[in-house]
Number of protein chains: 2
Amino acid sequence: MVRQPTMKDVAALAGVSLSTVSRVVNGDPGRPDLAEKVQRAIDVLGYRRDMTASNLRRADRTSASVGLVVADVANPFFAALLRGVEDLARTRGVLTYAGSSDEDPDRERELVQGFTARRVDGLVIVPSGGDDSYLLREQQAGATLLFVDRPGVTLNVDTVLSDNAGGIATAVRHLHAHGHRRIAFLGDLQRIFTSRERLRGYREALAGLDIPVDESLIRLEVHNSQAAAEVTRELMARSDPPTALLTAQNLITIGAIHALRSRQLHHGVAHVGFDDLVLADALDPGITVVAQNPSSLGERVGTLLFERLDSVTGPPRRIIVPTTLIPRGSGEIGPRQ
Amino acid sequence: MVRQPTMKDVAALAGVSLSTVSRVVNGDPGRPDLAEKVQRAIDVLGYRRDMTASNLRRADRTSASVGLVVADVANPFFAALLRGVEDLARTRGVLTYAGSSDEDPDRERELVQGFTARRVDGLVIVPSGGDDSYLLREQQAGATLLFVDRPGVTLNVDTVLSDNAGGIATAVRHLHAHGHRRIAFLGDLQRIFTSRERLRGYREALAGLDIPVDESLIRLEVHNSQAAAEVTRELMARSDPPTALLTAQNLITIGAIHALRSRQLHHGVAHVGFDDLVLADALDPGITVVAQNPSSLGERVGTLLFERLDSVTGPPRRIIVPTTLIPRGSGEIGPRQ
DNA sequence: CTGAAAGCGCTTACAG
DNA sequence: CTGAAAGCGCTTACAG
């Protein structure tokens, strides 16, 4: 391991002062002959500036890095979101830290504090829903905070959300238009904001259609595919089964697909899932879904972030990204056939 | 934006020297009464150490951060790999930068140089296959380099790979065991190492089975689903179509699935895909795949990385992570039925 | 315009 | 053990 050359080395080789090297490195023209000598020394030594030292002394203290805390970077939804943020950051020469909280408030806090200790310029957080008052201190210390996918609890900052309630409501009305009134709702953990929003969309859409809510058709706290499959089988074994299924999350949708197929019910029960799935269009019937747009969420939150970093002032903004119903067959099955 | 409190502020409030604060922050015991005074001042001010400054002066110059350059963080394979690295890094209090090269050597280089300029301790790279001699300088400067998913071109460092050739060979033998001799191979861009390896596995497996290679059944440079669907339709429209399809990548598999279904051939032509897919088991027939283990790749590369950072010496190591054939129906269809 | 000096927020010899 | 001083690799007033 060789010692990395420093500005001092460059200055010595070029026969100029440290200040002159710094100015050349920072693009300040100065005397052309000196600039050229410095550039030559830089090339010879293979010098590259230490951004951490540069950042330490610089007046604006900007590190050209941002941190993103999501529930799980391996989840395709959050991976697409990360990519959206990264693409926007790249256009500004900003690099992206990524971390997974696994919905654990303690891990969220560790990640956030790790990022701020490394002096990120901005921090994009998918809040896990715990006490987020600790973020106040990060904010006061200068970190530009944004929430994405879910709003904060105590903190009110720029936030980008999917239209969860609206997307589910569209799905309910779509099923109703195909003749359904007994629509079961399978939802995730209610401590997650998006789960609560989707349930709200379900209730409000039914109310708007003057359909009384049958609470026995609402099954919550379903957090994985296996649980979803069990719940689906249970619902379909009833003497008065639902004629349609609304699955409010990816893994739930997958579980329901398996359960319906194993009971040969996939041509007899309507099904709409929230979140799109690879191969959903290759199944028979294709799975009708309400698709979110995670990379758009990422881009939007990135745009807001860099606007703030460019010192846009004003009250916190909230952006709702629309969802899209994609009919593929399963959502267009009628109540009896 | 309030100025972040510094060690100097803590020292002033606690009535001790800067050195004492530094020692307390770094866990050096010292006089208990002083340590307590310092801790109180830290709590009152909400002081948190600036890691970038700490790193600058520290003897080992370690930043507790690593950088990961993959082709695309939004690709589920690379997202799982990222998660594997992150999980291992977290156990050491190390944070992870992530970046997407989109297979572009220039973007790869920009990302790498951005990470090293921020003095990451380690750098995990999925090399895009261009000239990687620039990495030599990064390595000499002290960055611990590792390759994952693909080996480097000029540089020989610790590398973690999937058993691409072996996985494809297993698939060929599996199809052969079910009676196939005319097995078409659809491969991705041959400038990508994994694509070449998979083709090699195909050729070697056929040779091992004493089946002459029919070059007209090999279709390469297929880079997306649409192209794969077209190639599939073209192959199946021949007077002597293949009886089995081997699709060497995720998007190719998806394209082939669509093409076979649109021609009602999915129950008549055998099909094995490389890389697992969500819902592959919900299709009829289920799609037989050779599954990679990306999170295991991530963990393995993380393990190697931290061993090196703990100053393990010795020659570069190469780890091959096995793949798994998962029979689900499509790969068990016979040549004529 | 350039260069010498101070300083960013820390850690680390060194003296007491 | 503690504290004063030097220094990590830079940037930034400031003097010439």
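Nucleotide D/dT11 holds its C1' atom 13 Å from the CE atom of A/M51, rounded to whole Å. Distance A/R23 CZ to D/dC14 C1': 11 Å, rounded to the nearest Å. One interatomic measurement links the two molecules: CZ of A/R57 to P of C/dG9, which rounds to 9 Å at whole-angstrom precision. Note: CZ (A/R31) to P (C/dC1) measures 11 Å, nearest angstrom. Computed from coordinates, the B/R58 CZ to C/dA13 P distance equals 13 Å when rounded to whole Å. Here the P atom of nucleotide C/dG9 and the CG atom of B/N26 are 17 Å apart, to the nearest Å. Distance, A/L18 CG to C/dG3 P: 11 Å, rounded to whole Å. Nucleotide C/dT2 holds its P atom 8 Å from the CG atom of A/D28, rounded to whole Å.
The nearest heavy atom of DNA chain D to B/A53 and to B/V16 marks one nucleotide each, and the one closer to the 5' end goes with B/V16. Between B/R119 and B/P32, it is B/P32 whose nearest contact on DNA chain D lies nearer the 5' terminus.
Nucleotide D/dA13 forms no Watson-Crick or G-U wobble pair with any nucleotide shown, as no partner meets the under 3.5 Å limit on both distances. If you check C/dA4 for Watson-Crick or wobble pairing at under 3.5 angstrom, you find it has no partner at all.
One side chain, B/R48 or A/T116, offers a donor N or O that lies under 3.5 Å from an acceptor on the other. Side-chain contact check for A/N26 and A/R49: at least one donor-acceptor pair (N or O, by modelled atom type) lies under 3.5 Å. Checking A/S17 against A/T20 by side-chain atom types alone, a donor-acceptor pair falls below 3.5 Å. Remark: the B/D50 side chain and the B/T52 side chain contain an N/O donor-acceptor pair separated by less than 3.5 Å.
Here A/S22 lies in heavy-atom contact (under 4.0 Å) with a base. As judged by a 4.0 angstrom heavy-atom cut-off over every strand, A/T20 is placed among residues touching the sugar-phosphate backbone only. Residue B/S54 is in sugar-phosphate contact alone, with no base atom involved, counting any heavy-atom pair closer than 4.0 Å across all strands shown.
B/D102 places no side-chain N or O within 3.5 Å of a backbone atom of B/D72 that could act as its donor or acceptor partner.
Phosphate contact (OP1/OP2 of C/dG3, side-chain N/O of A/S17, threshold under 4.0 Å): present.
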